[in-house]
Q: 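I am attaching a structure below and will ask some questions about it afterwards.
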Number of protein chains: 2
Amino acid sequence: MLKQERHQIILDKLKISKKVLSGKLSEELLVSEDTIRRDLKELESKDLIYKVHGGALIKDNRVLSYDERSVADINEKKEIAEKAVKLIKDGQVIIMSGSSTNLELAKIIPPEINATVYTYSIPIAAQLSHHPSIEVIFMGGKLNKAAQVTVGIDLVNFIYNISADICFIGTEGIDISRGLTEPDWEVSHIKKSMIHASNYVAVMCISDRIMSVKRHSVVPIQKIDAIISDIDPSDPIFNDFRDFDLTII
Amino acid sequence: MLKQERHQIILDKLKISKKVLSGKLSEELLVSEDTIRRDLKELESKDLIYKVHGGALIKDNRVLSYDERSVADINEKKEIAEKAVKLIKDGQVIIMSGSSTNLELAKIIPPEINATVYTYSIPIAAQLSHHPSIEVIFMGGKLNKAAQVTVGIDLVNFIYNISADICFIGTEGIDISRGLTEPDWEVSHIKKSMIHASNYVAVMCISDRIMSVKRHSVVPIQKIDAIISDIDPSDPIFNDFRDFDLTII
DNA sequence: CACAATCACGCAAAAAAGTGCAAAATTTTT
DNA sequence: AAAAATTTTGCACTTTTTTGCGTGATTGTG
């Protein structure tokens, strides 16, 4: 096992359980406690952990650490992203909402795709900046620190004045009668503006949230062109949706 | 077996298992470990892998893989930041340019400071999102992937319509006759707008760049209220600056 | 204060990496 | 096709890194 592997494992463990014990790590990684201590020492010198007697604690003010706080349902989100990426065509103008599913999507856009992406999410912009041929337009506003996205009237105005081929929207709730719904009032307006600006509206929804309703309406179901989920499109949960002119993926 | 074949195999292996060991590769590819080491060295120089003692790891496109060690003159910049942070007062509205010095500054703003920061740099916004009481306004535009900042006319317009107590500007060149200068034309306009929007203009300049001139003028020396550098304010290099009404820190 | 757990330090063995050089393989030129 | 130039490779050698262990110091707990 390489030293750097151990370091990564230690950091991952810290992310999950906030603390690690030298003795336990030594057993789990099959190295002596001295080695673990040296690992912790090195990680501390890099300011990545907070070393204490007996082990180490997570260092919260890690520089630039939007790590997948939203690792919830990460596999489902990856599956959705796999399906969604097939909708992206060369030369398109794309709007991506700030959802973690969209972050997964951003990670897997093939390098040969040449497109313009509008986003208001810092992690998505950062991810796309690794892509060789995507032009990224970051839409500014007041920063929501928790979600690492911008919000506010300036953002909504900006989006109302652009136009795009397709938008990908991460979804909190979708059902037949209320359509797309959102727990956050401000975000509901942002999503509404994205849909207004786009020719084709793709919503990405993990199966748990299908047929769930949140507080604020975004748009009725008729405005949506495609629902992308992690389950089979023929699943009976979609039956009511088939009356509408939308694609289930 | 050709060198490039091996390289491709190594990269493929990394994609699958995230790590390779020199010894194992040597066995599998039937070449000496020296050759493998040379391969890894070359791949690392192309920035394709992350070489470590014993083998190599996949180069993870970490979100914001902003490597502190790769910043030039990092210690000088930290010193400048230490001086600059003293100018920040509670309740201020601050504009920060996208320089790495400003990133260092963002790291050390005391938690008790309550302020609003306008920025167009992704790393700075991400850094400030850890601060408990700073409101961050991210100013959007086209993303410059290398510098991780936004640029463009929308950004400049936005800045012209705000007003701030103080702006901190990282400096490429400053001298008496030309004032503040910039190699990049677009950035020169961004900086000009920042200065226009601010009551107090602080430029942060590592000593090497004092009295150096770049292509595009930003503002004459009279518009600047403070120069913050990594050297002593009494240093003779500043002598010519003392004729002007500005503070040398 | 006692007692166990944890840590720091030096040491030595093992593994891996860098270095210089000559042989082998490959590419380019004649 | 042969010769020359260049690149690639393996080997012997030294240096560096990593690791585990012993010893004594330090820390936390009752």
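A note on names: the letters A, B, ... follow the listed sequences, proteins ahead of strands, and every chain is numbered from 1.
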Q: Atom CD1 of B:Ile36 to atom C1' of D:dT9: distance rounded to whole Å?
A: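 For the pair B:Ile36 CD1 and D:dT9 C1', the rounded distance is 12 Å.
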Q: When the distance from NE2 of A:His7 to P of D:dT18 is rounded to whole Å, what number comes out?
A: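 To the nearest whole Å, that distance equals 9 Å.
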Q: Provide, to the nearest angstrom, the distance between the CG atom belonging to B:Leu21 and the P atom belonging to D:dT17.
A: 19 Å
Q: Assess whether a salt bridge exists between A:Glu27 and A:Lys24, defined as any Lys/Arg side-chain N lying under 4.0 Å from an Asp/Glu carboxylate O.
A: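 Result for this pair is no, no salt bridge flagged.
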Q: Please tell me whether B:Gln8 and B:Asp12 have a donor and an acceptor in their side chains that are separated by less than 3.5 angstrom.
A: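 Side chains of B:Gln8 and B:Asp12: pair found under 3.5 Å.
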Q: If you only use heavy atoms from C-beta on, which nucleotide in D:dT18, C:dA17, D:dC21 is closest to the side chain of A:Lys3?
A: D:dT18
Q: Separation of B:Arg37 atom CZ from D:dT17 atom C1', in whole Å?
A: 12 Å
Q: Send over the distance from B:Asp39 CG to C:dA16 P, rounded to a whole Å.
A: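 B:Asp39 atom CG is separated from C:dA16 atom P by 17 Å.
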Q: Quick check on C:dA8: is either OP1 or OP2 less than 4.0 Å from any side-chain nitrogen or oxygen of A:Lys51?
A: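 The answer is yes; a side-chain N or O of A:Lys51 sits under 4.0 Å from OP1 or OP2.
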Q: Given atom CD of B:Glu42 and atom C1' of C:dA17, what is their separation to the nearest angstrom?
A: 17 Å
Q: In whole angstrom, give the distance that lies between atom NE2 of B:His53 and atom C1' of D:dT16.
A: 8 Å
Q: Which heavy atom of B:Gly170 sits nearest a heavy atom of B:Lys191, and at what distance?
A: O-NZ, 2.7 Å
Q: Taking the nucleotide of DNA chain D with the closest heavy atom to each, which residue, B:Gln4 or A:Ser32, is nearer the 5' end?
A: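 Upstream on the strand: B:Gln4.
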Q: When you measure from the side-chain N and O atoms of A:Arg6 to the phosphate of D:dT19, is any distance below 4.0 Å, counting only OP1 and OP2?
A: yes
Q: Side chains of B:Ser133 and B:Glu112: is there a donor and an acceptor less than 3.5 Å apart?
A: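 No, B:Glu112 and B:Ser133 have no side-chain donor paired with an acceptor closer than 3.5 Å.
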Q: Applying side chain to side chain contact (heavy atoms under 4.5 Å, CB included), run through B:Ile88 and B:Ile166 and close with a yes or a no.
A: CA-CA 8 Å; B:Ile88 298 179; B:Ile166 185 169; 5.7 Å; no
Q: To the nearest Å, give me how far apart NZ (B:Lys41) and P (D:dT9) are.
A: 14 Å
Q: Test for a donor-acceptor pair under 3.5 Å between the base of D:dG10 and the side chain of B:Arg38, counting only N and O atoms.
A: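 Between D:dG10 and B:Arg38, which were checked side chain against base, a qualifying N/O pair under 3.5 Å is present.
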Q: Please walk me through it: do B:Ser177 and B:Asp175 pass side-chain hydrogen bond (donor to acceptor under 3.5 Å, both in side chains)?
A: CA-CA 6 Å; B:Ser177 52; B:Asp175 95 318; 3.2 Å; yes
Q: Should the side chain of A:Asp34 and the base of C:dC7 be counted as holding a donor-acceptor pair, with the cut-off at 3.5 Å?
A: no
Q: Let me test you: for the helix from C:dC1-D:dG30 to C:dT30-D:dA1, what is the angle between the axes at its two ends (five pairs each), rounded to 10 degrees?
A: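 Taking five pairs per end, the axes differ by 50°.
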Q: Does the pair A:Arg37/A:Glu33 count as a salt bridge with the N-to-O cut at 4.0 Å?
A: yes
Q: Taking only the side-chain heavy atoms of B:Thr35 (C-beta and beyond), determine which of C:dC7, D:dT9, D:dT19 contains the nearest atom.
A: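 Per side-chain heavy atoms of B:Thr35, the pick is D:dT9.
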Q: What's the closest nucleotide to the side chain of B:Val31 if the choices are D:dG10, D:dT8, D:dC21?
A: D:dG10
